[in-house]
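The structure under discussion appears below in the form of C-alpha cells.
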Number of protein chains: 2
Amino acid sequence: MKPQGKKKATIYDLSLLSGCSASTVSAVLNGTWRKRRIKESTAELIQGLAEQHQYTANLQARGLRNSRSGLVGLLLPVHDNRYFSSMAQTFEAQVRSHGKCPVVVSASRDPQEELATVETLISYSIDELFIAGATDPDSVHGLCEAAGIRHINIDLPGTKAPSVISDNYQGARMLTQAIIKRFDDAAVTLKPEELFLFGGRNDHASRERIKGFRDIKTEMLGGDSDACIQPTGYSPDMTQKAFEAFYEREGKLPRGLFINSSINFEGLLRFMAQHPHETFADLVVGCYDYDPFGSFLPFPVIMIRQDTESMLAKAFELIAEARPAVTIHLIQPELVHPRTALKGPLDSIRDIDA
Amino acid sequence: MKPQGKKKATIYDLSLLSGCSASTVSAVLNGTWRKRRIKESTAELIQGLAEQHQYTANLQARGLRNSRSGLVGLLLPVHDNRYFSSMAQTFEAQVRSHGKCPVVVSASRDPQEELATVETLISYSIDELFIAGATDPDSVHGLCEAAGIRHINIDLPGTKAPSVISDNYQGARMLTQAIIKRFDDAAVTLKPEELFLFGGRNDHASRERIKGFRDIKTEMLGGDSDACIQPTGYSPDMTQKAFEAFYEREGKLPRGLFINSSINFEGLLRFMAQHPHETFADLVVGCYDYDPFGSFLPFPVIMIRQDTESMLAKAFELIAEARPAVTIHLIQPELVHPRTALKGPLDSIRDIDA
DNA sequence: CTTTTTTGCACAATCGATGGTGCAAATAAT
DNA sequence: ATTATTTGCACCATCGATTGTGCAAAAAAG
C-alpha cells in the first residue's frame, strides 16, 4: 500500500499495472477521459490503482507540456510588515479558491532583485503575476509581456499594465484632517509648522500622500512649508535618525505627526525607546497603514487601513478580463480611530481544536 | 533585439542560430561546457546569442529532467503575523544566498490543507522543505519521506524529522519570572490567582510554555491552579471572548497576564477596544512573541522574541547534513523589556533612493 | 608519414504528461 | 449478411533541457 521511500508512481507505472496505455491513464487522471470516450469501468480501474499507489501528477511535466504551471505569483517588497503580510494572506485564500497554487516572494524593494525574481517565476511558467509595491513595475511588465503572462500592479501603479492601488490622496486627506480635528476637539490651536510628515520616498504613493497632506494643511491650517516634509525612505533606521535630528534641533517633536507607513512608524518606536514617556505626552500621530498594536499606543494614533481585500478582489477581476484597459483603479482606504482592533484575514481561518 | 510578444527562445532556437547542436548550447548555458570540452569561442558565440535573444532556461523542463527544481519551500501556518512574516523574510534571504528560489506558502493551521499544500509542492519537485508550525509534522514527514525530499521542522517539533524550535519552557520561565518581578519591584504582592495564562492550544509549544509558567508560579508565588490556564486556540476572536467572559465573571482582568502568542494578544486588543483605559491601569502583560508596536502599549508589556535567525540558521545547517539525526534542537529566545524596538530582518535590506 | 592521443562536438535517449490521429472491434442500420 | 457508425483505446510526437556515448578532425608522438 505504501511504496516506502521509493520514487513516485508515474502514468507509465499505472499503465503497466492496468494494462492500458499511458495516454489512457493520463486522460483518466486529469479528468478528460469522458471526452476521450474511455469506458467507465476502465476509468474506475485506473483511479483505484492511482489511489493505491498514491499517484500524484508530476506538475513540472504537466507544466512543460501545457506551458502553464497552475502557479500564481505575488511579488512583494517585504514580508515582515502587516500591510504586506495581510495582503499575502488574502492573496493565498483567493488563489486557492480558484484551484491554483499561490506563490509569494519578496524582492526587497530592489529593482534588480525584482526583475531577477520575476524572471525566475516566468521560467517556472507561472500563469499570472500580481506585482505589489514594485519599485519599477514597468520593467516587470516588460518581462511579463514578452513571456505572455497576465499581470497586474497593486499598491504602486505602473503605466503599462492595469493597476489597483489605494486612493492615497484621499486617504492622506482623511488622515491629516483627523489629526487636525483631534487638536481642534481639544481646543488646541495647531500651527502649520507643528504638523510634520515623516517617511516615504519618491514613489507614487508617497507623492500622493504628501499632496493630500499639504492640501489639507493649507485648507485647514492656512499654511504649509516644505520643511514639514521629511522623506526618509522605507527604513526604520533612517526614520529614527530623522526624528533624532529633529529632536536635537528643536528640543521636542512636532505635536502632530503624519507617518508615511508602518515601517516608518517603527522608526518612531526606536526613537521612543530612547526617550522618556513625557516626550510624547501631547503627541498625535497619524500613520498611513494599520497595525492593530500600533492603534493602542499611549498617545492617540489614527491609522489608515488600506483595503487589501478589495484591492485583491478588483485585481483578480481585472486579471481575468481578456484585454483589461491600462488604467489605475483607486480603492478607498478606511480611517481607523485610536484604540481600534479590526478583524483581518486571519479571522476567516477556522481554528480547529481550540 | 527585443522579440516582442513572441514566445521565449529555447536552446533549439539558439542551436539553429549558432549552428551548434542543442546539447552544446545546453552545456554552454548551464556552465558545464568546460567539462564537455567545448571551445571557448563557441561558448562565447552562444552566450552572445543567448543574451541577444534574452534566453532564459525553462526551469520546468530542467526540473523535469533533473527531478530537482531549485525551489525551496517554507510552509507556514499564516502570513499575517510578525513572528511568521519575519521568519519568511529571513528564510528568503537565506535561500537566495544559496542560489535557490524561495517559495513561501501558508496552510492555515489546517492539517488537511498542510498535506495538500505539501503534495503540491512535492509535485513541483521542490528540493527542500521547511515545515514551520505545522499541526501535524509527522504526516508531512510521511509525504516528504516517500518523495525523498529533505525536510525539517521548525517552531513545532515532529518525531520523525529533525526539529529546530524555541526553548519554550525556558522562555516561559523567563517571561513569567519577569512578570512577577515587575510586581515585586513595585512592592506589590501578587497572589497566584492573579496571574493567568491566556491562549495557545494543545500543541507542543503551548504545553511547554504552560509548564514553564506553572513551574515558576509555584516556585515564586507558592501556588498555581488549573483555573489560571485559559487555552483559547490561536484565534483573536476566541481569546477576546475568553477575556470578556473572565471580565464578566470577575469584574476585572487578572493583574498579571501571560499571553501565549501575538495572535492571542490581538484578542486582548479587541477586548481593550471595548473597555476604558482604567481597566488596564495596573496590568502587566507578558507576551510569548515579539511585536515592536506591542512593546509600547500603555501598560508594561514584556515580550519574548523567538530567535528566528538562529532557528533558520540551525535548520539550514541540519538540512545540509547527509543524514541528520532526528532530534530536537532548542534555540534560546530572548526576553524583551517594555518599550523596546528591536532590529529585524528588514534592517538588512538596503534602502535605495531614500 | 603512420599511430596515438586529444579536442570538439553531434546524436539520441530521457524526464512525465498531453492530445491529435488512426484503427480495430463492437454495435447499428439496411 | 453487408455496410455504416460508434465505441474504446493505443500510438506517437511534443514540451525544453540534460547527459552518456561515440566519432571525426586536429594535434602530438613515434
Side-chain angles (χ1 to χ4, degrees), chain A residues 6-46 50 53-70 119-120 122-125 127 147-148, chain B residues 6-47 50 53-70 119-120 122-127 147-148:
Chain A
K6 291 295 116 247
K7 32 209 55 170
K8 303 189 45 124
T10 71
I11 52 170
Y12 298 98
D13 300 329
L14 298 181
S15 162
L16 291 180
L17 288 166
S18 66
C20 300
S21 76
S23 66
T24 300
V25 174
S26 170
V28 167
L29 294 173
N30 67 26
T32 59
W33 57 279
R34 289 179 186 289
K35 203 177 325 180
R36 287 185 147 263
R37 298 187 318 228
I38 307 284
K39 223 196 305 182
E40 183 133 10
S41 63
T42 313
E44 281 164 2
L45 166 67
I46 292 177
H53 295 267
Q54 314 208 110
Y55 170 84
T56 55
N58 179 322
L59 298 180
Q60 300 212 69
R62 175 178 293 170
L64 174 58
R65 181 58 227 243
N66 330 300
S67 53
R68 291 181 304 102
S69 64
E119 283 227 333
T120 308
I122 290 179
S123 302
Y124 284 111
S125 310
D127 298 346
Chain B
K6 289 295 118 242
K7 32 209 54 169
K8 302 188 45 121
T10 71
I11 52 169
Y12 298 99
D13 300 329
L14 297 181
S15 162
L16 292 181
L17 288 166
S18 66
C20 300
S21 77
S23 65
T24 300
V25 174
S26 171
V28 168
L29 295 173
N30 66 27
T32 60
W33 57 280
R34 289 181 186 288
K35 203 177 326 181
R36 288 186 147 264
R37 298 187 319 230
I38 307 284
K39 223 195 305 184
E40 181 132 11
S41 64
T42 312
E44 281 164 1
L45 166 67
I46 292 177
Q47 284 161 346
H53 295 268
Q54 315 210 108
Y55 170 84
T56 56
N58 179 324
L59 298 179
Q60 301 212 68
R62 174 179 294 170
L64 174 58
R65 180 59 226 246
N66 308 320
S67 52
R68 292 181 304 101
S69 65
E119 284 227 331
T120 308
I122 291 179
S123 303
Y124 285 111
S125 309
I126 54 164
D127 298 345

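In what follows, chains are A, B, ... by sequence order, proteins preceding strands, each numbered from 1.
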How many Å lie between [atom1] on [X] and [atom2] on [N], as a whole number?
X	N	atom1	atom2	answer
B:Y124	C:dG16	OH	C1'	14 Å
B:K35	C:dT6	NZ	P	20 Å
A:L59	C:dG16	CG	P	13 Å

(message) With a 4.0 Å limit, can you tell me whether A:N30 has a side-chain N or O closer than that to the phosphate oxygens OP1/OP2 of C:dT18?
(response)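 Affirmative; the distance criterion is met.
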(message) Main chain of B:S125, side chain of B:S69: is a donor-acceptor contact present, judged purely on distance under 3.5 Å?
(response)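 Checking the backbone N and O of B:S125 against the side chain of B:S69, a donor-acceptor pair under 3.5 Å is found.
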(message) Keeping B:S26 on the side-chain end and B:A22 on the backbone end, is there a donor-acceptor pair under 3.5 Å?
(response)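 Checked: no pair found.
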(message) Quick check: do B:N58 and A:L64 have side-chain heavy atoms less than 4.5 Å from each other?
(response)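 When only atoms from C-beta onward are counted, A:L64 and B:N58 do touch, with a gap below 4.5 Å.
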(request) Would you tell me whether B:T56 and A:E119 have side-chain atoms, one donor and one acceptor, within less than 3.5 Å of each other? (result)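 Note: B:T56 and A:E119 side chains miss the donor-acceptor criterion.
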(request) Kindly compute the distance separating CG (B:L59) from CD (A:Q60), expressed to the nearest 0.5 Å. (result)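 Result: 8.5 Å between the selected atoms.
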(message) Working to the nearest 0.5 angstrom, can you tell me the gap between B:Y55 OH and B:Q47 CD?
(response)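 The OH atom of B:Y55 sits 12.5 Å away from the CD atom of B:Q47.
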(message) Give me each pair satisfying side-chain hydrogen bond (donor to acceptor under 3.5 Å, both in side chains) with a member in residues 31-44 of chain B, each pair once, sequence neighbours excluded.
(response)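 Pairs touching residues 31-44 of chain B that pass the test: B:N30-B:T32.
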(request) Under the side chain to side chain donor-acceptor pair (under 3.5 Å) rule, collect the residues that match up with A:T24, sequence neighbours excluded. (result)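 So A:T24 forms a side chain to side chain donor-acceptor pair (under 3.5 Å) with A:S21.
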(request) Measure across A:A50 and A:L29 and return the closest heavy-atom pair with its distance rounded to 0.1 Å. (result)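 Shortest heavy-atom separation between A:A50 and A:L29 comes out as CB-CD2, 3.7 Å.
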(request) With a 4.0 angstrom cut-off to heavy atoms of chain A, pull out the first and last contacting nucleotide of DNA chain D, in 5'-to-3' order. (result)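 Taking any atom under 4.0 Å from a heavy atom of chain A, the span is D:dT7 to D:dG16.
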(request) Sort out for me which residue in B:L16, B:V28, B:I46, B:V25 forms a side-chain contact (heavy atoms from CB on, under 4.5 Å) with B:I11. (result)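 Considering B:L16, B:V28, B:I46, B:V25, a side-chain contact (heavy atoms from CB on, under 4.5 Å) with B:I11 is found only for B:V25.
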(message) Taking the axis from the first five pairs and the axis from the last five, what angle separates them in the helix from C:dC1-D:dG30 to C:dT30-D:dA1, rounded to 10 degrees?
(response)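 For the helix from C:dC1-D:dG30 to C:dT30-D:dA1, the axes at either end differ by 50°.
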(message) Considering every strand and a 4.0 Å limit on heavy-atom distances, what is the contact class for A:S26: base, sugar-phosphate, or nothing?
(response)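 Base, at least one base atom sits under 4.0 Å.
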(message) For A:L17, give me all partners under side chain to side chain contact (heavy atoms under 4.5 Å, CB included), at least two apart in sequence or on another chain.
(response)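 Side chain to side chain contact (heavy atoms under 4.5 Å, CB included) list for A:L17, sorted by chain: A:L14, A:L49, A:H53.
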Are there any protein N/O atoms within less than 3.5 Å of an N/O atom in nucleotides 9-12 of chain C, and if so, which ones and at what distance?
from: C:dC9; atom 1: OP1; to: B:T42; atom 2: OG1; distance (Å): 2.6
from: C:dC9; atom 1: OP2; to: B:K39; atom 2: N; distance (Å): 2.4
from: C:dC9; atom 1: OP2; to: B:T42; atom 2: OG1; distance (Å): 3.2
from: C:dA10; atom 1: OP1; to: B:G19; atom 2: O; distance (Å): 3.4
from: C:dA10; atom 1: OP1; to: B:S21; atom 2: N; distance (Å): 3.2
from: C:dA10; atom 1: OP2; to: B:S21; atom 2: N; distance (Å): 2.7
from: C:dA10; atom 1: OP2; to: B:S21; atom 2: OG; distance (Å): 2.8
from: C:dA10; atom 1: OP2; to: B:T24; atom 2: OG1; distance (Å): 2.6
from: C:dA10; atom 1: N6; to: B:R36; atom 2: NH1; distance (Å): 3.4
from: C:dC11; atom 1: N4; to: B:S23; atom 2: OG; distance (Å): 2.9

